[in-house]
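For reference, the structure is listed below as structure tokens.
Chain letters run A, B, ... following the sequence lines, proteins first and then strands; every chain starts at 1. Note that these values count all heavy atoms, side chains included, but never hydrogens, waters or copies made by symmetry.
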Amino acid sequence: MTGPHILVRGAGVAGMVTAVALAEHGAQVTVHDTGGRVGAGASWFAGGMLAPWCEAESAPDEVTQDSLTSLDWWKTHVPDVMQAGSLVVAPPRDTPELARFGRRTSHFETIGVERIRTLEPDLEDRFDKALFFAEEGHVDPRKALQALADRLVQNGGTLLSQHPADEALFDWIVDCTGVAARNFQSDLRGMRGEMVLLRCPEITLHRPIRMLHPRIPVYIVPRDNSVFMVGATMVESDDTRAITVRAITDLLNAAYTLHPAFAEAELLEANAGLRPAYPDNVPRVRREGNRISLNGMYRHGFLLSPARAREVCDIIFGTDRA
Amino acid sequence: MKFYGTELSSRLMLGTAQYDSPAILADAVKAAQAGVVTVSLRRESAGAQAGQAFWSLIQSLDVPVLPNTAGCHGVREAVTTAQMARDVFDTNWIKLEVIGQGDLLQPDVFGLVEATRILTEDGFQVFPYTTEDLVVAERLLRAGAEVLMPWGAPIGSGRGLNNLFGLRALRGHFPDVPMVVDAGIGKPSHATAAFELGFDAVLINTAVAKAGDPAQMAKAFRLACEAGLAGYAADPMEERDMAVPSTPTLGLARGLGGETL
């Protein structure tokens, strides 16, 4: 007995997580992406933070609840999932932001100079106070997407069919094309995000650092080989131009504020992408006949794709098999 | 009180930045019963219609839109942004911000006067974001502005009305100019205080957008504005240095020690 034939459109995080989840249910999955590779869209520029508690600062309860099992999903599906927590700090004159962040979130402890030094020795004496969210994790999005691609192929899936797939050959079509779906989803909009990658061997960080600022909150996520991802701006815009000077300036200033040694870092990459978002900024699964859409991932692609992929599986296979 | 000939349905103007989602923004605008919403074009500027999806959401709120030049640091930049706003939102109204100082986002009043003159000559109806300075106000009016938007405190600071004396003097000096207290209002009581000083409207953004419950805070501001406006219209009593009992004591029975029974 073979499972249903399913075409997944879009090889970003939503599409790849869904494809792997469907293949694990026995489906014959084919993934197609007009970009010709895994992660040709916004996912490539993501932070990869699996931080349900920190995100609760601005996300509704629904997002928090649906993301609680995300870290476990990633740990069982890709290698190198880091679970070292998240650290939230604020420059001295913006410490009221730290109190505000704390009021909106939970599952953290407020720590002082000693603990900060233990957790992140390189941030010694730079901050008097921080919020430590011990249960959170992160992945490197580019490695994680590649790992999902390998896993899909191991599960019998077909990755990136070169030709525009003939939809008539499939039992289900799952559209995960992000902002490209604006053509047929009028309530979908782009939310521009900009990021940079820096290499700075002088600094070691063990976990994502979120630095609060009333106008320009940023995060710095450590990657392998002394590389740091600094992101990300939030601009209500479908603008696909390259990163702006203003964004680079803001992001680099933030890195420098976190640690002056970033002044000597190499600027490896500076990029911009469009997050797909619905009006409430909550990712949604929608169905029309045998067509299912998973979109509007906003800034929760890595965090919420496992839960939303489960919803897709529930539609196709029924909740009893989920 | 009319703003360039337009009577607003409410004296509460609401900014549209910094909300956690457009859906939350829409709830807040509804709860505030805002008379005007302001929207920034600056950061999306170069990409023609790049912000159209968000701007369409703003326009669907069905509240008059006052575009602004937030984040502009020079006259030319502000003028260009204003011209683009006119195209996008099909309005001659522009809330003019020319920022002169990065830390306090303090208005560059010299550039502000210059940009007001240029835009007025170009047919705009300018709402200049200014300080409480009387001389600057005078220059702005001479440059063509018919509305003034003095700050309460620096943008986003939530400090309320920093210079009561200055704001009272400004209000007293130009009794017939529509004036909106813009920026710095953090709590509903600050808005009430602005109306009690005789100001005609307030503009709020961060205080609502960054509240734990934006819709609830929007409602609180609506009530605070109503209270301040009605209180001012009702001609409040004067402050006095001495206590004046609200119940006459003359003729009341007194105990042997003189205390009121």
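Just one of Arg310(A), Arg308(A), His300(A) meets the side chain to side chain contact (heavy atoms under 4.5 Å, CB included) condition when paired with Asp66(A); it is Arg308(A).
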Item to check | Stepwise ring-ring contact (aromatic ring centres under 6.0 Å, His included) check, Phe108(A) with Phe133(A) | outcome: CA-CA 4 Å; Phe108(A) 66 86; Phe133(A) 294 75; 5.2 Å; yes
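Interface remark: Arg192(A) contributes no atoms to any contact with chain B (heavy atom separation under 4.5 Å). For Leu105(B), the part lying under 4.5 angstrom from a heavy atom of chain A is the side chain only. Heavy atoms of Arg182(A) lying under 4.5 Å from chain B are absent altogether.
A side-chain donor from one of Ser293(A) and Gln185(A) sits under 3.5 Å from a side-chain acceptor of the other. No donor-acceptor contact under 3.5 angstrom links the side chains of Thr131(B) and Gln106(B), judged on distance only.
Highest contact tally toward chain A, considering only Ala23(B), Gly156(B), Ser21(B), is held by Ser21(B) [criterion: heavy-atom pairs under 4.5 Å].
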